[in-house]
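Since the structure comes first, as structure tokens, the remarks are kept for the end.
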Amino acid sequence: MNSYPMRLRPAFKDNLWGGDRLKKDYHKQTDMTPLAESWELSCHKDGSSFIENGPYAGMSLADYVKTFPEAAGTRAQAFPAFPILFKLIDAKDNLSVQVHPDDAYALRVEGEYGKTEMWVVLDCQPGAKLVYGFRKPVTKEEFRAHIQENTLMELVNEVEVHKGDVFFIQSGTLHAIGKGIVIAEIQQNSDTTFRVYDYNRLGADGKPRQLHLERAAEVMNYAPMYRAADTLPPCPPDGVQEVLTCEYFRVRRAEVETRIPLATDGESFTHLMCVRGEGNIVCGGKVYPFRQGDSYFLPAALGEYAVEGDGSLVLSGV
């Protein structure tokens, strides 16, 4: 196995609520319109990312980690499949109100992981909001009644968002990204989504979009969610800050002004995503450039490297 920083080409998704921010601000090159999501780090069957540079250029990341499982690291190898998926999401319009199942339900019914996720708000319009659980205790019967009466939004906890906010969305939590928000999403490697409300929109076929009410009702957490965003202290210049560690993933952020020495340790790969600015990864005497919207897969055995430049990074692993 040849270990080096691997620049990734994402898989793209054209969901009807998407816009053009990922093209304009994050340099995504695709004819897809609208562009709703770019799956930056993905080994999912519905869209793998691909390696763009070096000896493995043209190989899907899914095939690479299948061929070289040690590249994911010892912690990642303990999972039944590659553990995480990293997305950029541009919500020009509201996403559907939805819920994801836990592993036990999803593996039994859907044949893949459940979905716990976290969001980092990269940008948003003033006053933009998202749905984050219920605002009061709700019974399954009340939930069903409000769905039938088209009044679900009376029950939800709406939270105004700001650039830099972080939200941890555990499986079973009702949620929705609101219009005017661009986020980085780090999640379990799953695309299982149960849609419960979609603002009475029509799909591309001119028909109402499918809802999944029975399955959603089975996996929903009906307890109220009083929390808003997690507010992090400023990340120091040329510093790395822990954002969140859970049983499924670890997320850090870094603010580069000149240079930050880093390393992988054999236990986990690192996914490096530039969300602002530009710079270089310096590794093994070679330079690997990045700018806003670029991401790299750093194999677990890579060892020491450094990032240089002026920018903000999100670092993900397990």
Side-chain angles (χ1 to χ4, degrees), residues 17 84-85 87 89 91 93-106 113-188 190-199 211-233 242-251 253:
W17 41 260
I84 68 174
L85 196 161
K87 301 176 180 177
I89 298 178
D93 199 356
N94 294 317
L95 275 69
S96 61
V97 181
Q98 56 192 241
V99 67
H100 307 299
D102 62 15
D103 284 347
Y105 184 98
Y113 290 130
K115 188 174 173 185
T116 286
E117 62 193 282
M118 67 163 290
W119 301 334
V120 180
V121 178
L122 302 181
D123 200 9
C124 59
Q125 295 176 356
K129 296 180 179 181
L130 53 79
V131 172
Y132 190 27
F134 294 104
R135 61 181 178 83
K136 64 177 184 177
V138 175
T139 66
K140 185 181 293 188
E141 292 71 27
E142 285 177 304
F143 169 73
R144 292 178 187 274
H146 278 270
I147 288 290
Q148 291 178 350
E149 295 167 7
N150 200 29
T151 56
L152 176 66
M153 299 305 286
E154 294 179 3
L155 300 179
V156 304
N157 176 40
E158 286 193 290
V159 180
E160 186 171 334
V161 302
H162 308 89
K163 186 174 181 178
D165 284 351
V166 174
F167 295 85
F168 182 50
I169 314 292
Q170 292 179 288
S171 60
T173 303
L174 190 74
H175 63 278
I177 302 168
K179 63 181 179 181
I181 303 175
V182 178
I183 72 165
E185 177 175 295
I186 304 92
Q187 58 160 90
Q188 289 182 266
S190 172
D191 199 33
T192 296
T193 297
F194 299 152
R195 191 182 298 129
V196 301
Y197 180 68
D198 197 42
Y199 308 94
L211 302 180
H212 313 96
L213 299 177
E214 292 305 315
R215 283 176 287 175
E218 292 180 15
V219 304
M220 191 88 68
N221 179 0
Y222 295 96
M225 176 66 74
Y226 297 119
R227 291 178 58 198
D230 291 317
T231 302
L232 301 176
E242 294 287 337
V243 176
L244 176 73
T245 298
C246 68
E247 60 185 302
Y248 304 113
F249 44 76
R250 177 193 184 197
V251 180
R253 67 176 184 173

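Since we're looking at a predicted model, the values are computed, not measured.
The minimum heavy-atom distance linking Trp17 with Asn94 is given by the pair CB-O, 3.8 Å. Across all their heavy atoms, Ala106 and Pro101 have their closest contact at CB-CG, 3.8 Å. Summarising the geometry of Leu155 relative to Glu142, their closest heavy-atom pair is CD1-O, 4.5 Å, with the distance given to 0.1 Å. The two residues Leu211 and Tyr197 come nearest to each other via the heavy atoms CD2-N, 4.0 Å. Considering all non-hydrogen atoms of both residues, Ala128 and Lys179 come closest at CB-O, 3.8 Å.
With salt bridges taken as basic N to acidic carboxylate O contacts below 4.0 Å, none links Glu218 and Lys140. For the pair Arg135 and Glu158, the salt-bridge criterion is not met [side-chain N within less than 4.0 Å of a carboxylate O]. With respect to Lys115 and Glu185, a salt bridge is recorded, a charged nitrogen being found less than 4.0 Å from a carboxylate O.
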Applying side chain to side chain contact (heavy atoms under 4.5 Å, CB included), run through Val251 and Met118 and close with a yes or a no. CA-CA 9 Å; Val251 180; Met118 67 163 290; 3.4 Å; yes

Ser190 and Gln188: side chain to side chain donor-acceptor pair (under 3.5 Å), yes or no, with the steps? CA-CA 6 Å; Ser190 172; Gln188 289 182 266; over 6 Å; no

Decide yes or no on side chain to side chain contact (heavy atoms under 4.5 Å, CB included) for Phe194 and Val219, but give the supporting numbers first. CA-CA 9 Å; Phe194 299 152; Val219 304; 3.9 Å; yes

Using the side chain to side chain contact (heavy atoms under 4.5 Å, CB included) rule, take Val97 and Asp198 through it: C-alpha gap first, then chi angles, then the decisive distance, then the call. CA-CA 6 Å; Val97 181; Asp198 197 42; over 6 Å; no

Before giving the answer on salt bridge (charged side-chain N to carboxylate O under 4.0 Å, His left out), spell out for Glu117 and Lys87 the whole-Å C-alpha distance, their side-chain angles and the decisive distance to 0.1 Å. CA-CA 11 Å; Glu117 62 193 282; Lys87 301 176 180 177; over 6 Å; no

Would you check, one step at a time, whether the test side chain to side chain contact (heavy atoms under 4.5 Å, CB included) holds for His146 with Val138? CA-CA 10 Å; His146 278 270; Val138 175; over 6 Å; no

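Side-chain atoms of His212 and Val196, non-hydrogen and from C-beta on, never get closer than 4.5 Å to each other. Between Trp119 and Ile89 there is no side-chain heavy-atom pair separated by less than 4.5 Å. Counting only heavy atoms from C-beta outward, the side chains of Thr173 and Val99 never approach each other to under 4.5 Å. Within the 4.5 Å cutoff, side-chain heavy atoms of Phe249 are placed close to those of Leu244. Between Met225 and Lys136 there is no side-chain heavy-atom pair separated by less than 4.5 Å. At least one side-chain heavy atom of Phe134 sits under 4.5 Å from a side-chain heavy atom of Phe143. You'll find the side chain of Val131 stays beyond 4.5 Å of the side chain of Asn157, heavy atoms only. Between Leu213 and Ile147 there is a side-chain heavy-atom pair separated by less than 4.5 Å.
To the nearest 0.5 angstrom, Asp191 atom CG is 8.0 Å from Leu85 atom CG. Expressed to the nearest 0.5 Å, how far CD of Gln98 lies from OG1 of Thr193 amounts to 5.0 Å. Atom CD of Glu242 and atom CG of Leu232 lie 11.0 Å apart (nearest 0.5 Å). Atom OH of Tyr113 sits about 14.0 Å away from atom CG of Asp102, to the nearest 0.5 Å. The NZ atom of Lys129 sits 12.5 Å away from the SG atom of Cys124 when rounded to the nearest 0.5 Å. If you take CD1 on Ile169 and CD1 on Ile177, they are separated by 8.5 Å, rounding to the nearest 0.5 Å.
Taking the six-membered ring where the residue is Trp, His175 and His100 present tilted rings, their angle falling between 30° and 60°. Relative ring orientation between Tyr132 and Phe167 is described as perpendicular, the plane-to-plane angle rising above 60° on a 0-90° scale split at 30° and 60°.
A donor-acceptor contact shorter than 3.5 Å is absent between the side chain of Asn221 and the backbone of Gly172. A donor-acceptor pair under 3.5 Å is absent between the side-chain atoms of Glu154 and the main chain of Leu152, judged by distance alone. Panel note: side chain Thr116, backbone Ser171; a donor-acceptor pair is recorded below 3.5 Å.
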